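The chains referred to below are lettered A, B, ... by the order of the sequence lines, with proteins before strands, and numbering in each begins at 1. Predicted model, so just to flag it, every value in this text is computed and none were measured.
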2 protein chains.
Amino acid sequence: MTDLMVQERQAEILRRLKQDGRVLAASLAAEFRISEDTIRRDLRDMAHAGLCERVYGGALPVSQGATTLTQRMSVASERKKSLALAALALIPQRSAVFFDAGSTNLAIAEALHEDLMVTAVTNSPAIALMLAEKPLVEVILIGGSLDRVVGGVVGARAIEAMSVIRPDICFVGTCGIDADGGLSAFRLEDAAFKQFVCGRSRRVIVAATREKFDATAPYAVAAAGQYHCLVTEPGVHAHRLAPLREAGCEIIEAGSSEGRKTGRD
Amino acid sequence: MTDLMVQERQAEILRRLKQDGRVLAASLAAEFRISEDTIRRDLRDMAHAGLCERVYGGALPVSQGATTLTQRMSVASERKKSLALAALALIPQRSAVFFDAGSTNLAIAEALHEDLMVTAVTNSPAIALMLAEKPLVEVILIGGSLDRVVGGVVGARAIEAMSVIRPDICFVGTCGIDADGGLSAFRLEDAAFKQFVCGRSRRVIVAATREKFDATAPYAVAAAGQYHCLVTEPGVHAHRLAPLREAGCEIIEAGSSEGRKTGRD
DNA sequence: CATATTTGTGCACGTTTATGCGTGTTTTTG
DNA sequence: CAAAAACACGCATAAACGTGCACAAATATG
């Protein structure tokens, strides 16, 4: 291990903290060939700067439960995370991807692999914030008036801003999926925005958890034939998926059929 | 090693900095066959010009210091909170307020009182997310390409989006305050955006912690006379504030003059 | 041409910083 | 509750640092 300067060492500690989820004072001292006292001083400083949480024996990432901001984001439940992993496989390198506002799409953004280089467009500040931490992603934010129910920007200005962008892939959020496989939204402006974005995108993908099939919302967004792929969980009744299959919509079940992707790339 | 002129030597140092990610004062002195004092002077100059970050033992690239916004948020949050409370008092009901990207302005947004009804405009997704939690605030998001160093949207599209908005108050962020009280930024596009927003706002307010007075950044944003109010901490040297007072800039020291609630200090 | 002025450099000095060690305290664990 | 591990604190030291000063070379000025 090369002799590192203080800032380099602390950056390396921070890197391992993110990678491994924890660091141990003793093993760090051994690796860096310095005393544990110095490591402890480092960890103390970093904790004081809010970069980690000090614990007996080492340190943990601060993201474990702290900030109000990241708190809201970590609603990515285990189920949504597995959904997100399946959806990720649909994103090719160097594509332009639109992320519609919504917690499921936020989970996809969170799960984005660090070495995926894409242009990401979103109308959601939370998703933008998440994507900003992926070094290879160029983040384009759609501006306009923020709808706090939707959690994203909708309305005329948002549509205008989208009109110069043609995404390769669009992850559209949905509030409910009706019996015919149609998507719907709780807000009129949101529905209009989703419609517009779907119309401009080469490939429209819906990632939806099981309970979306039980929910209905007043404003129609897209019929079964108007989106190309549905990523969902196992356990959705077959007769709900049938109209989608008929309409030519590809259906991916997150936990089960995920291995199918590994054949070729 | 051939004898090099100052500029040549500094260019070579910069080259190695990019190549190796670090330089050591001692080894540079040995290679160039000059004293460490001279190397230190070089590094000091380069750091002052924003070309590197000076550390004990050598220097690191500036990109290392360009941390993501979630990190900057947590630094010195207590101090920023008191700054934010002082800044809040400057916001009238039902005004249109622009929040520039930056951790200090994020603290202001966080401290916004629940019963304050304003239209808030911001180019920062983090600030937008924070403001979305204040029920009476209408949030307008400026769209465009996100600069992850700035933590906000800058560039031509952002300026275009701002051109239809005329804020009553603008909280502009700054990376450094020079001896004449001028504001500066680390990024060219950011500086241009800040300039534009300041020019459109009725009242421009800068909230800056103490250490901003020790920092300099390459791109000029506004001279002392071009903003109306500075909110800062107690303990800034009087001779640094003097040029601001002369230029007619109101100066508020958070903690000291804030005492509307405590009467006196 | 002679004389200031500026600039780059090295040296001496006192100061600050990073680190390791000893000592006593706190926390964990069996 | 007792032993072991981890810890905080003070101290010592060496390296790195900033500053003031001297000197030489380059440059400007009369």
Check: Bend across the helix from dC1(C)-dG30(D) to dG30(C)-dC1(D), to 10°, with axes taken over 5 pairs at each end?
Finding: 40°
Next item on the list: Verify, without hydrogens or angle tests, whether S201(B) (side chain) and V204(B) (backbone) share a donor-acceptor contact under 3.5 angstrom.
Entry: no
Notebook entry, point to check: Where the side chain of T122(B) meets the backbone of F99(B), is there a donor-acceptor pair that is under 3.5 Å apart?
Noted result: yes
Check: Would K194(B) and D190(B) pass as an ion pair if we require N to O under 4.0 Å?
Finding: yes
Next item on the list: Report yes or no: do K80(A) and S103(A) form a side-chain donor-acceptor pair below 3.5 Å?
Entry: yes
Next item on the list: Establish, from distance only, whether the side-chain atoms of T174(B) and K212(B) form a donor-acceptor pair under 3.5 Å.
Entry: no
Next item on the list: State which residues pass side-chain hydrogen bond (donor to acceptor under 3.5 Å, both in side chains) with R200(B); sequence neighbours excluded, sorted by chain then number.
Entry: none
Notebook entry, point to check: Which letters describe nucleotides 12-24 of chain D, given B = protein heavy atom under 4.0 Å from base, S = only from sugar-phosphate, - = neither?
Noted result: ---BBBSB-----
Check: How would you give the extent of chain B contacts on DNA chain C, as first and last nucleotide 5' to 3' within a 4.0 Å heavy-atom cut-off?
Finding: dG8(C) to dA18(C)
Item checked: With sequence neighbours excluded, residues passing salt bridge (charged side-chain N to carboxylate O under 4.0 Å, His left out) with R54(B) -> none
Next item on the list: Could you tell me which residues satisfy salt bridge (charged side-chain N to carboxylate O under 4.0 Å, His left out) with D147(B), sequence neighbours excluded, listed by chain and number?
Entry: R187(B)
Margin query: Is it the case that over 12 heavy atoms from other parts of the model lie below 6.0 angstrom from the CZ atom of R15(A)?
Written below: yes
Note to self: Can you confirm whether P125(A) sits close enough to L141(B) that some side-chain heavy atom of one is under 4.5 Å from a side-chain heavy atom of the other?
What the structure shows: yes
